[in-house]
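Worksheet: the structure to be examined is printed underneath.
First listed ligand is number 1; within each ligand, the first listed atom is number 1.
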Amino acid sequence: MLQPGSTIGMLGSGQLGRMFALAARRLGYRVNVYSPDNDSPLGQMADVEFVASYDDLDQIRDFARTVDVITYEFENVPAATAQAAEAIVPVRPGQAILEVAQHRVREKSSLRDLGLPVPKFEVIKSVEDLTNAVGVIGTPCVIKSATTGYDGKGQAVVKADSDLAAVWNSLGTKEAILEQFIEFETEFSMIGARGLDGSFTSYGPIENRHHNHILDVSLMPIAYPESARQTAEDALRTVMAKYDVVGVLCIEFFLTKTGNVIVNEIAPRPHNSGHLTIEACECSQFEQQLRAVCGLPLGSSRQHSPAAMANLLGDVWEHGEPDWSKSLENPSSFLHLYGKTNPRVGRKMGHLTYLDKSSEQAAIEVARLRAQIARR
Ligand SMILES: Nc1ncnc2c1ncn2[C@@H]1O[C@H](COP(=O)(O)OP(=O)(O)O)[C@@H](O)[C@H]1O
Ligand SMILES: [Mg+2]
């Protein structure tokens, strides 16, 4: 067990790392960060900041020697980086889940092999593959590049009249996956935490509403059929146990109109949809990550208030610095800003969490508040 006062190494310096560090600091831990970026959300508040490429294995080893355990806030940690670090200190969650989570073909294949419900899919390496696979899967369908996609980037919907050569060339990738299009009713996530001793706890279902392929609003609790919740939690337990995940892992699901649950993707780290656990639950997803990777007992994931979270994208800055007082003077509203200076359209700059009598009401209020904050 890594006692308070130990040093955690974080690979990646974005907002997920920053919120992790806030939880870690409260419990007396130190946080060193490694990432290629300067003046980053976590770099601003880490004890020690390494600014270097993930491929610089000598730097990675130097970094590993300054910490007691390493975790990460994004799943595209290169295998060689994780291996170099692991030779010096534990990396949690370990490499097995990283390999799966950073490659959509490996991800979908392993989920299917575990008996979990995934969309029909085919592996695509050429326009010929794509033509054949569209014939097998039918239209509409979705093509996703196998690596490095996020927030809907690196994917496209293929329709009956799509020009397949143009679709394939626009992806600019060597390998992709073609998936059946799921006519979902809603999207939701479940977030699990698993301790060094195999203990387990989870949050959700959390309903996720997207806008322009980017998460817009998340709400919890949500009344889904008990069978759907159970299927989702079983999937979480199965994946986390199979890959011996010590840490936090999120699964994104589709809920179909007929009440079926389908797995979309996994992320072996805290997730944007879990930000509302900071105010709405006894122990947040970030504190669970800390507890898990340090071998501490997991915290209670019990929710004490219905909540909704709205992302604050750079778009909110379009007409100038937002009017924060609208949030600050409202006791049900919790403002989080990530310390980013350049509010580009679509960039996640912060979020608002709102607590209310029901999550639906919180979702209405949080969207209203976000609209009031933006200057016109
Ligand atoms: N097979 C599918 N059927 C229908 N919609 C999909 C499918 N795959 C993805 N989407 C939509 O695109 C969004 C982004 O896809 P996802 O696979 O989660 O990639 P990302 O890594 O960008 O989050 C999903 O949240 C969902 O709204
Ligand atoms: Mg997704």
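The shortest separation from a heavy atom of Gln180 to ligand 1 is under 4.0 Å, placing the residue in contact.
With hydrogens and angles ignored, the 3.5 Å screen pairs no side-chain donor or acceptor of Ser333 with any backbone N or O of Tyr354. Here the side chain of Ser126 pairs a donor or acceptor atom with the backbone of Asp129 at under 3.5 angstrom. Within the 3.5 Å criterion, the main-chain N or O of Gly17 finds no donor-acceptor partner in the side chain of Tyr72.
Contact check on Lys144 versus Glu179 returns a salt bridge, with a Lys/Arg side-chain nitrogen under 4.0 Å from an Asp/Glu carboxylate oxygen.
When distances from atom 13 (C) of ligand 1 to the protein are checked, no heavy atom turns up under 4.0 Å.
Under 4.0 angstrom from ligand 1, there are no non-hydrogen atoms of Asn208. Only the side chain of Arg104 comes within 4.0 Å of ligand 1, counting heavy atoms alone; its backbone N, CA, C and O stay farther away.
Closest protein heavy atom to atom 20 (P) of ligand 1: Glu265 OE2, 3.4 Å.
Of all atoms in ligand 1, numbered sequentially from 1 with element shown, those under 4.0 Å from a heavy atom of Lys144 are 8 (N), 9 (C), 16 (P), 17 (O). Near Glu252, meaning under 4.0 Å from one of its heavy atoms, ligand 1 places the atoms 18 (O). Each of the atoms 4 (C), 5 (N), 27 (O) of ligand 1 lies under 4.0 Å from some heavy atom of Phe184. Near Gln155, the atoms of ligand 1 lying under 4.0 angstrom from a non-hydrogen atom of the residue are 9 (C), 12 (O), 14 (C), 15 (O), 16 (P), 17 (O), 19 (O), 22 (O).
For ligand 1, the polar-atom distance check finds an N/O of Ile182 within less than 3.5 Å of one of the ligand's N/O atoms. Of the N or O atoms in Gly152, one or more lie within a sub-3.5 Å distance of an N or O in ligand 1. In terms of polar-atom proximity, Glu187 is counted as a contact of ligand 1, with an N or O under 3.5 Å from an N or O of the ligand.
Restricting Glu252 to its N, O or S atoms, the one at the least distance from the Mg ion (ligand 2) is OE1. Nearest to the Mg ion (ligand 2), among the N, O or S atoms that Glu265 has, is OE2.
Taking 2.8 Å as the threshold, Asp151 does not count as a candidate ligand of the Mg ion (ligand 2), since none of its N, O or S atoms lies below it.
Separation of the Phe63 and Tyr34 ring centroids falls under the 6.0 Å cut-off. Not less than 6.0 angstrom separates the ring centroid of His351 from the ring centroid of Phe334.
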*Going through the checks in order, is the side chain to side chain donor-acceptor pair (under 3.5 Å) test met by Glu128 and Asn132?*
CA-CA 6 Å; Glu128 290 74 38; Asn132 294 334; over 6 Å; no
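Donor-acceptor pairing under 3.5 Å is lacking for the side chains of His271 and Gln285.
The distance from atom OG of Ser332 to atom CG of Leu369, rounded to the nearest 0.5 Å, is 9.5 Å.
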